[in-house]
Amino acid sequence: MLNCILFCVLLGGIGGCYVWLGAKKKDRADQILSVHREIGLIEKQIRERDLQINHLLAPESLRVSAMRSGLDLKPIDIGPRGRLVRLPEPSASPRGPQDNPVFAGNR
């Protein structure tokens with residue numbers, strides 16, 4: 001009689017563990033499926049953003065954007081005398097190249 005009761009308790013425990021593990025497996029499968037769906041959604045968003053970026057970086061689009069913003073090269077008004085200053089030409093040194101170049105600590 002005692003053996004029969006212990007066997008039934010053991011069998012019930014095994015059955016309960018089997019049901020509990022089945023529920024855990026189903027929960028984990030649902031989590032994995034939702035993560036895969038989220039990964040697919042994020043990859044789709046990345047592809048869409050890449051297409052938008054490639055479209056915005058196309059040379060035609062950049063030209064249109066620059067023209068709309070007024071970023072073209074513009075002439076500089078230099079006035080009647082001008083703003084450019086001509087520097088004097090450097091004079092050639094009368095002595096030839098030095099034998100020993102001067103470094104810090106080498107005089």
Does S61 offer a backbone N or O that forms a donor-acceptor pair with the side chain of S65 under 3.5 Å?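 Absent.
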What is the distance from atom CG of L51 to atom CG of L56, rounded to the nearest 0.5 Å?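 So the CG of L51 and the CG of L56 are separated by 11.0 Å.
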Distance, nearest 0.5 Å, that separates CD1 of I46 from CD1 of I53: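 Taking CD1 in I46 and CD1 in I53, the distance rounds to 10.5 Å.
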Residues 23-30 side chain polar contacts: donor-acceptor under 3.5 Å, at least two apart:
{"from": "K26", "atom 1": "NZ", "to": "D30", "atom 2": "OD2", "distance (Å)": "3.3"}
{"from": "R28", "atom 1": "NH1", "to": "Q31", "atom 2": "OE1", "distance (Å)": "3.1"}

Would you indicate whether Q52, at its atom CD, is surrounded by more than 12 heavy atoms from other residues, nucleotides or ligands within a distance under 6.0 Å?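 Correct, the count exceeds 12.
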Using the side chain to side chain contact (heavy atoms under 4.5 Å, CB included) rule, pick out the option among Q45, E43, R37 that qualifies with L41.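 One option only clears the test, and that one is Q45.
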